[in-house]
Enquirer: 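Take a look at the following structure, please.
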Amino acid sequence: MNAETAQLSSRSREHPLNEVVFLSVAEVAAVMRISKMTVYRLVHSGHLPAIRVGRSFRVPEAAVHEYLRECFGEVPSDV
């Protein structure tokens, strides 16, 4: 089990999988207002946890909000 999988496993214990919302790379890019390539870089560097589904990645929505909180402080709840 690698570090990304371990992080996702610990988060899945906090929220049952049927409650976890996963976003595509394009959706993450739109939310964060960055390019898809930047999202891929964040995923590959381990800064943004993701799971691989076939040939694509899915990022837990909560992980995106947590990343933004860590980088920029508290994110408004309506984002």
Side-chain angles (χ1 to χ4, degrees):
M1 181 184 301
N2 64 24
E4 289 176 23
T5 307
Q7 281 182 330
L8 288 174
S9 295
S10 68
R11 286 194 183 110
S12 66
R13 281 185 231 120
E14 296 170 9
H15 301 287
L17 283 179
N18 62 346
E19 293 179 8
V20 177
V21 176
F22 289 97
L23 302 175
S24 68
V25 168
E27 291 170 327
V28 173
V31 167
M32 295 177 71
R33 296 184 181 184
I34 58 177
S35 71
K36 291 191 299 184
M37 182 55 66
T38 301
V39 176
Y40 283 116
R41 287 183 187 122
L42 289 170
V43 168
H44 288 294
S45 69
H47 288 99
L48 192 61
I51 59 169
R52 190 155 197 147
V53 179
R55 294 180 62 197
S56 62
F57 287 98
R58 294 293 183 262
V59 180
E61 184 178 36
V64 174
H65 293 297
E66 183 178 324
Y67 176 80
L68 291 172
R69 269 188 227 103
E70 288 174 2
C71 292
F72 303 108
E74 189 64 31
V75 176
S77 60
D78 62 335
V79 173

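What's counted below: heavy atoms across the whole structure, side chains too, no hydrogens, waters or symmetry copies.
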Enquirer: Just wondering, do Val39 and Phe57 contact through their side chains at under 4.5 Å, heavy atoms?
Expert: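 Not in contact.
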Enquirer: Find the distance between NE2 (His65) and CD (Glu61) and round it off to the nearest 0.5 Å.
Expert: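 Separation between the atoms: 4.0 Å.
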Enquirer: Which is it for Val43 and Val28 under the side-chain contact (heavy atoms from CB on, under 4.5 Å) test, yes or no, and what are the steps along the way?
Expert: CA-CA 11 Å; Val43 168; Val28 173; over 6 Å; no
Enquirer: Any chance you could measure Met37, atom CE, to His44, atom NE2, to the nearest 0.5 Å?
Expert: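 Answer rounded to 0.5 Å: 8.5 Å.
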Enquirer: To the nearest 0.5 Å, what is the distance between NE2 on His47 and SG on Cys71?
Expert: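 Between atom NE2 of His47 and atom SG of Cys71 there are 8.0 Å.
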Enquirer: Decide yes or no for Met32 and Leu42: does some side-chain heavy atom of the first lie under 4.5 Å from some side-chain heavy atom of the second?
Expert: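 In contact.
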Enquirer: Verify side-chain contact (heavy atoms from CB on, under 4.5 Å) between Val53 and Phe22, making sure each step is shown before the conclusion.
Expert: CA-CA 11 Å; Val53 179; Phe22 289 97; over 6 Å; no
Enquirer: Show the nearest heavy-atom pair for residues Ala50 and Pro60, with the distance to one decimal.
Expert: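 In terms of heavy atoms, the two residues are closest at CA-CD, 4.5 Å.
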